[in-house]
Amino acid sequence: MAAPLELSCWGGGWGLPSVHSESLVVMAYAKFSGAPLKVNVIDNTWRGSRGDVPVLTSEDNIVSQPAKILNFLRKQKYNADYELSAKQGADTLAYIALLEEKLLPAMLHTFWVESDNYFSVTKPWFASRIPFPLSLILPGRMSKGALNRILLTRGEPPLYHLREVEAQIYRDAKECLNLLSNRLGTSQFFFGDTPSTLDAYVFGFLAPLYKVRFPKVQLQEHLKQLSNLCRFCDDILNSYFRLSLGDG
């Protein structure tokens, strides 16, 4: 019998099994590949210290970061990509790189840097799931980490300051969403009728942006105009997560 696979991740809300993109990527891939994950949702008894989830535990292995977790699952014979051609495999890597370069900075900004969103939605949600006194410290640390990550990818000359960076990252993100919408077209998934790694990543990135209710919704409004991407998120939620969501 295979060793049990346990995933520690941030939990859900707004009809999502997790509001955290990286946790959602792993949860979706596990559903697509049939990996039998036991999901441990972080609550205020959590003993972690840095917010570096998701984390997969299996016997002697502890694996973090979505790409490494997905590779580990593939080695355990849970492979959502076995029907893909070499070209589709290369396309997968290219689109994941595009998501991380073009969409991620704007997502981080929407959740962690845009002050109305951070103080009214993101900070209270995460703080309520972190034990005191860490709940006073960790959301701010995560916000600072998000800002540093944005500036690291976008803060080179001539865009030194966040205000100058902001317009560019939202332009890039909208362009990325348009490319994804054009690539998906009328298909159910990105490579036909069966979901793969790319679908897990796109779902993980888009679903929180689509569902979480923020006061400032610049990028969300653009996403909601792309009806095939919204349908894509809804279909995955209904097909793969409906039983585990409860009333969410």
Side-chain angles (χ1 to χ4, degrees), residues 4-31 35-58 62-70 103-150 200-201 203-217 219-220 233 236-237 240-248:
L5 300 169
E6 296 200 15
L7 183 74
S8 296
C9 62
W10 294 107
W14 297 278
L16 298 171
S18 175
V19 303
H20 180 242
S21 282
E22 294 185 331
S23 297
L24 263 188
V25 168
V26 176
M27 293 167 84
Y29 183 87
K31 293 282 189 184
L37 284 191
K38 179 180 185 293
V39 175
N40 299 319
V41 168
I42 286 171
D43 60 21
N44 59 13
T45 63
W46 180 47
R47 295 182 182 279
S49 61
R50 295 203 312 277
D52 50 355
V53 291
V55 174
L56 185 77
T57 309
S58 171
I62 297 175
V63 190
S64 61
Q65 299 174 14
K68 291 178 181 175
I69 294 174
L70 268 52
L103 187 59
L104 181 60
M107 283 191 60
L108 291 172
H109 190 277
T110 296
F111 275 78
W112 292 102
V113 180
E114 166 55 62
S115 61
D116 286 356
N117 293 347
Y118 174 70
F119 286 108
S120 66
V121 177
T122 311
K123 183 181 179 182
W125 190 93
F126 280 87
S128 71
R129 285 149 178 85
I130 301 169
F132 181 84
L134 203 57
S135 58
L136 302 178
I137 303 163
L138 190 55
R141 196 180 294 167
M142 292 166 76
S143 175
K144 196 172 290 183
L147 178 58
N148 287 340
R149 198 163 169 185
I150 291 168
Y201 269 89
F203 173 73
F205 276 63
L206 295 193
L209 195 59
Y210 173 40
K211 293 291 188 181
V212 175
R213 287 190 282 278
F214 286 119
K216 292 286 181 71
V217 292
L219 197 56
Q220 191 176 64
C233 292
I236 289 175
L237 285 168
Y240 293 94
F241 292 102
R242 189 166 43 185
L243 294 177
S244 59
L245 280 177
D247 294 328

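In this chain, numbering begins with 1 at the start of the sequence shown. Only a predicted model underlies this, so the values are computations on that prediction, with no experimental measurement involved.
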Atom [atom1] of [X] and atom [atom2] of [Y]: how far apart are they, to the nearest 0.5 Å?
{"X": "Leu206", "Y": "Met107", "atom1": "CG", "atom2": "CE", "answer": "7.5 Å"}
{"X": "Ser21", "Y": "Leu108", "atom1": "OG", "atom2": "CG", "answer": "8.5 Å"}
{"X": "Tyr240", "Y": "Phe203", "atom1": "OH", "atom2": "CZ", "answer": "11.0 Å"}
{"X": "Ser23", "Y": "Leu16", "atom1": "OG", "atom2": "CG", "answer": "11.5 Å"}
{"X": "Trp112", "Y": "Leu147", "atom1": "CH2", "atom2": "CG", "answer": "12.5 Å"}
{"X": "Lys211", "Y": "Gln220", "atom1": "NZ", "atom2": "CD", "answer": "10.0 Å"}

Quiz item: Where does the angle between the aromatic ring planes of Phe126 and Trp10 fall among parallel (under 30°), tilted (30 to 60°) and perpendicular (over 60°)?
Solution: perpendicular
Which pair of non-hydrogen atoms, one from [X] and one from [Y], has the smallest distance, and what is that distance?
{"X": "Ser8", "Y": "Val53", "answer": "O-CB, 3.8 Å"}
{"X": "Val41", "Y": "Gly11", "answer": "CG1-CA, 3.4 Å"}
{"X": "Leu37", "Y": "Ala30", "answer": "CD1-CB, 3.5 Å"}
{"X": "Glu6", "Y": "Asn40", "answer": "OE1-ND2, 2.8 Å"}
{"X": "Ser135", "Y": "Ala127", "answer": "CB-O, 3.4 Å"}

Quiz item: Would you say Asn117's side chain and Thr110's backbone share a donor-acceptor pair under 3.5 angstrom?
Solution: yes
Quiz item: Taking the side chain from Thr57 and the backbone from Ile62, do they hold a donor-acceptor pair closer than 3.5 Å?
Solution: no
Quiz item: Counting only heavy atoms not in Ile137, do more than 12 fall under 6.0 Å of its CD1?
Solution: yes
Are any non-hydrogen side-chain atoms of [X] and [Y] less than 4.5 angstrom apart?
{"X": "Glu114", "Y": "Pro215", "value": "no"}
{"X": "Leu103", "Y": "Leu219", "value": "yes"}
{"X": "Pro208", "Y": "Phe111", "value": "yes"}
{"X": "Val26", "Y": "Cys9", "value": "no"}
{"X": "Trp125", "Y": "Trp14", "value": "yes"}
{"X": "Thr122", "Y": "Phe214", "value": "yes"}
{"X": "Leu5", "Y": "Leu56", "value": "yes"}

Quiz item: What pairs with Tyr201 under ring pair (Phe, Tyr, Trp, His ring centres under 6.0 Å), at least two apart in sequence or on another chain?
Solution: none
Practice problem: Could you name each residue pair satisfying salt bridge (charged side-chain N to carboxylate O under 4.0 Å, His left out) that touches residues 116-130, not counting sequence neighbours? | Solution: Asp116-Lys216
Quiz prompt | Full working for side-chain contact (heavy atoms from CB on, under 4.5 Å) between Met27 and Leu7 | solution = CA-CA 8 Å; Met27 293 167 84; Leu7 183 74; 3.8 Å; yes
